[in-house]
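Comments concern the structure below.
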Amino acid sequence: MHELHIESTDKAEIYQEILPQIESLIGDETDLIANLANIAAVLKAAFGWLWVGFYLADDTKRELVLGPFQGPLACTRIPFGRGVCGQAWAQGQTIVVEDVNRHPDHIACSSLSQSEIVVPVKNQSGRLIAVLDADAETTACFDSTDEYYLGRLAEMIAANQA
Ligand code: SME
């Protein structure tokens, strides 16, 4: 049985505590959906963000499709290049939005969301397979610490995806 252990209240330290636990949790499991579901649960428990989860890339339709998440209901499909998620896909890079109300192409799934980070998840061939999206009820919740550790998490997810 897996149980999450978090002792710290410092953000970087929380990441340092949970990343090895996530690594052992997803271990040799190659089922992407199962791993993403557990990761969303761990991140929600660790940080209490409003919404955290994944959108999966549908290359044929050039859309992101809602995947495992924790939080209020969310929009199901996001076209390539649209919203913060679609832009992170198009750019292949992490996007941090300090204030979603000031972002020109933010897609509001919940009016409570004030800041957001979207991190691309690329497989071993470098193809984007998903994005990790986190939303917070406060402005400027996410910074370079989140960008660094969530980027490492994305690499961990991709490590067993061909
Ligand atoms: N805000 C995102 C949409 C997804 S929800 O926040 C869960 C965006 O602009 O792409």
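Note that the structure is a prediction, hence the values are computed from the model and not measured. Order of appearance sets the numbers: ligands from 1, and atoms from 1 within every ligand.
For ligand 1, the atoms sitting less than 4.0 Å from at least one non-hydrogen atom of Trp51 are 7 (C), numbered in the order shown with element in parentheses. Within ligand 1, the atoms closer than 4.0 Å to a non-hydrogen atom of His106 are 1 (N), 9 (O), numbered from 1 in the order shown. In summary, the atoms of ligand 1 found under 4.0 Å from a heavy atom of Gly83, numbered by their order in the structure, are 9 (O), 10 (O).
The closest side-chain heavy-atom distance from Ile117 to Leu150 is below 4.5 Å. No side-chain heavy atom of Val131 sits less than 4.5 Å from a side-chain heavy atom of Ile78. Side chains of Asp99 and Ser115 form no contact here, defined as non-hydrogen atoms less than 4.5 Å apart. Side-chain contact between Leu32 and Ile157: present, with at least one pair of heavy atoms (C-beta onward) separated by less than 4.5 Å.
Tyr149 and Gln16 form a side-chain donor-acceptor contact under 3.5 Å, judged by distance and modelled atom types alone.
The nearest heavy-atom contact from the protein to atom 2 (C) of ligand 1 is Glu116 OE2, 3.1 Å. Looking only at heavy atoms of the protein, atom 5 (S) of ligand 1 is closest to Cys109 SG, 3.0 Å. For atom 8 (C) of ligand 1, the closest non-hydrogen atom on the protein side is Val84 N, 3.3 Å. The protein non-hydrogen atom at the shortest distance from atom 4 (C) of ligand 1 is Asp133 OD2, 3.3 Å. At the shortest separation from atom 1 (N) of ligand 1 among protein heavy atoms lies Ile107 O, 2.7 Å.
Side-chain atoms of Gln124 come within 3.5 Å of backbone N or O of Ala158 as a donor-acceptor pair.
Sparse packing is recorded around CZ of Arg62, with 12 or fewer heavy atoms of other residues, nucleotides or ligands lying under 6.0 Å away.
Contacts between Phe69 and ligand 1 below 4.0 angstrom, taking non-hydrogen atoms only, are absent altogether. Of all the heavy atoms of Cys85, the ones lying under 4.0 Å from any atom of ligand 1 are found in both the backbone and the side chain.
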